[in-house]
2 protein chains.
Amino acid sequence: MDISWDDLKTVCLLVRHGTLADAADALGVNYTTVSRRVRRAEGALGEPLFERLADGYRPTARARLIAEHAARMEEAEHDLMRRLQGQDTRLSGVLTITAPQLLIAHFLSPVLDRFTRAHPEIELRILATNALVDLARREADVAIRISRNPGDSLKGRRLLAQDSASFANADWASRLAADPETMVDWIVYDAYPDVPKAATDLFPNQRVRFRFDDMVAMTGAAVSGLGVVRMPMFLGRATPGLQQVPVLDPQPYPDVWVVAHPDVWPSAKVRAFVEPLVETAKSCRSEFVA
Amino acid sequence: MDISWDDLKTVCLLVRHGTLADAADALGVNYTTVSRRVRRAEGALGEPLFERLADGYRPTARARLIAEHAARMEEAEHDLMRRLQGQDTRLSGVLTITAPQLLIAHFLSPVLDRFTRAHPEIELRILATNALVDLARREADVAIRISRNPGDSLKGRRLLAQDSASFANADWASRLAADPETMVDWIVYDAYPDVPKAATDLFPNQRVRFRFDDMVAMTGAAVSGLGVVRMPMFLGRATPGLQQVPVLDPQPYPDVWVVAHPDVWPSAKVRAFVEPLVETAKSCRSEFVA
DNA sequence: TCCATGACATGCAAATTCGCATGCGGAAGA
DNA sequence: TCTTCCGCATGCGAATTTGCATGTCATGGA
């Protein structure tokens, strides 16, 4: 009655993902392998761990108990790997960065370009997403985030302060200039679902016409003339077809941070990435504020 | 840079044991396998984990870091296995008992006999040793111990109270009876290295002649006439060639306990072993006290 | 009703991992 | 000084593990 640690991990991931294929992806093996490892674990235990159903593997209580403890083991493993990584002095290998797509598109790209030129041995992997990537679980090494408090237990540097303002396409701009009584159609971001409070009294007629969950899409919608958006100034200024409109006075927007897990922060690759980034940010300040 | 959990465990055990062969024994594999897993781990990390010396593998700081974290993983594993075992309702498979040799020889054997007759599907494994076997690490499932407090975090039942007394062979017995002035040669146990304080004033001349670390050897020495021993009464009474001598009045000796880890205690096999044992102990009380 | 899809089982061949046997070098003891 | 023992490295065949291809079954939509 002895289960190998790899089999424990396999059971854990199968409990977590529910199907052989998904667990196999997470492990980087073929799903057949997951199936067989689970079978082997069941053999070692002498009791079944999953119900085989048409839509996946359903864990028994016993399997969930295994998963719980394997999760503790996994945590220790992540902890270990982070520490090893923090001691890594090599400027080679993989470095994984995550940042919001729009920051990459309009601010980060030149930094990435210079970085890979300066360190050709480092393979840079980019996760362009607004989703919160888990640095403790080593889904990425460094994160660039737009946030008021960029991470409870993370170490980081504040790169930039930002202001937001209202932007729209040229049609809207001229319409607003011509007639303050016109109805202002807002395209708002899910995270801030109300018409911005600081909207000036200049335009008495305002309403929320669309609510989006994605800033890329909002930008496109605004360019197409669907309405007025509130967005960080760097984004409005950098987007062809948008111009600032005086519906909303510039106001503070969450800062831009670069963060990493404290264990990982000292690693050579992270230091090599962060330091020039901070310098670059300094020279870009004016693009981000009113 | 990803190390399999089994390889982490292997590195951990190599750090702990120092040589390939010992680590391999602990893992239940050939030492060649340990060598190769370590090499694979080093390859994954890109850095050496051990210095190969003439007398074994010497871990680097990095290897010790791995060992520390793998030890946390191991703890989670033991925790898991104990819990699974506690839920085990089967009366089949292996049950491991540890007890002092002399308790097995003179008290436990009939219990073991009845147990295996009643449960032929259970394979009983006995660790006959005075050394403290680690129940949290699952070195044994059940321990029978002679102790004042049989285990901080263990669950158990007190089986028997004991008295100790002084014993010697027939020669000594008659010599002591004939001449109270004779020199009493003590054979003492390392754990209690002084002449027992409660020795009666009947014999004014007493000295420590031998100090032993093992009660089996002491028993033999006493039978051979090397001196007088203080031992639990059950042992003196059960040893052919020894008789109680009045150098020392019977006095309390640490109790006999049966203990298991609380997680394991509820398991069917443990219950099946402990309950009859408690009953048997009740009927043996008189053999253990004055 | 039929088809497409998703999830799993299984046979087979390739790849990997493992254990055994042998050889090497250094240290302790005769 | 010689021998033995201990610990390790390495080559080779065996055993195990893995991935791929194929087949089955259940579900849901056209």
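So that the names make sense, note that chain A is the first sequence line, chain B the second, and so on, each numbered from 1.
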Would you call A/R137 and A/E74 a salt bridge, using N to O less than 4.0 angstrom?
-> yes
What is the distance from CG of A/D25 to P of C/dA7, rounded to the nearest Å?
-> 11 Å
Rounded to whole Å, the CD-P distance (A/E51 to C/dA7) equals 18 Å
How close or far is atom P of C/dT10 from atom CG of A/L20, stated in whole angstroms?
-> 12 Å
Strictly by modelled atom types, are B/N30 and B/T32 linked by a side-chain donor-acceptor pair under 3.5 Å?
-> yes
Do A/R40 and A/D7 meet the salt-bridge criterion of a basic N to acidic O distance under 4.0 Å?
-> yes
Protein-proximity profile, nucleotides 13-30 of chain C, B/S/- by nucleotide at the 4.0 Å heavy-atom cutoff, equals ----SBBBB---------
Answer yes when B/R37 and B/D6 have at least one side-chain N-carboxylate O distance shorter than 4.0 Å, and no when they do not.
-> no
To the nearest angstrom, the OH-P distance between A/Y57 and D/dC25 comes to 16 Å
Calculate the interatomic distance between A/L14 atom CG and C/dA7 atom C1'; express it in whole Å.
-> 12 Å
Taking atom P of D/dG7 as reference, at what distance in whole Å does atom NE2 of B/H17 sit?
-> 13 Å
What is the distance, rounded to the nearest whole Å, between atom CG of B/D55 and atom P of D/dC5?
-> 19 Å
Once the angle between the rings of B/F212 and B/F210 is folded into 0 to 90°, is it parallel (under 30°), tilted (30 to 60°) or perpendicular (over 60°)?
-> perpendicular
Is the phosphate of C/dA9, meaning OP1 or OP2, less than 4.0 Å from a side-chain N or O of A/S35?
-> yes
Ignoring backbone atoms, establish whether A/R52 has a side-chain N or O less than 4.0 Å from OP1 or OP2 of C/dA9.
-> yes
Between D/dC6 (P) and B/D22 (CG): distance, integer Å = 11 Å
Output yes when a side-chain donor or acceptor of B/K269 lies under 3.5 Å from a complementary backbone atom of B/S92, and no otherwise.
-> yes
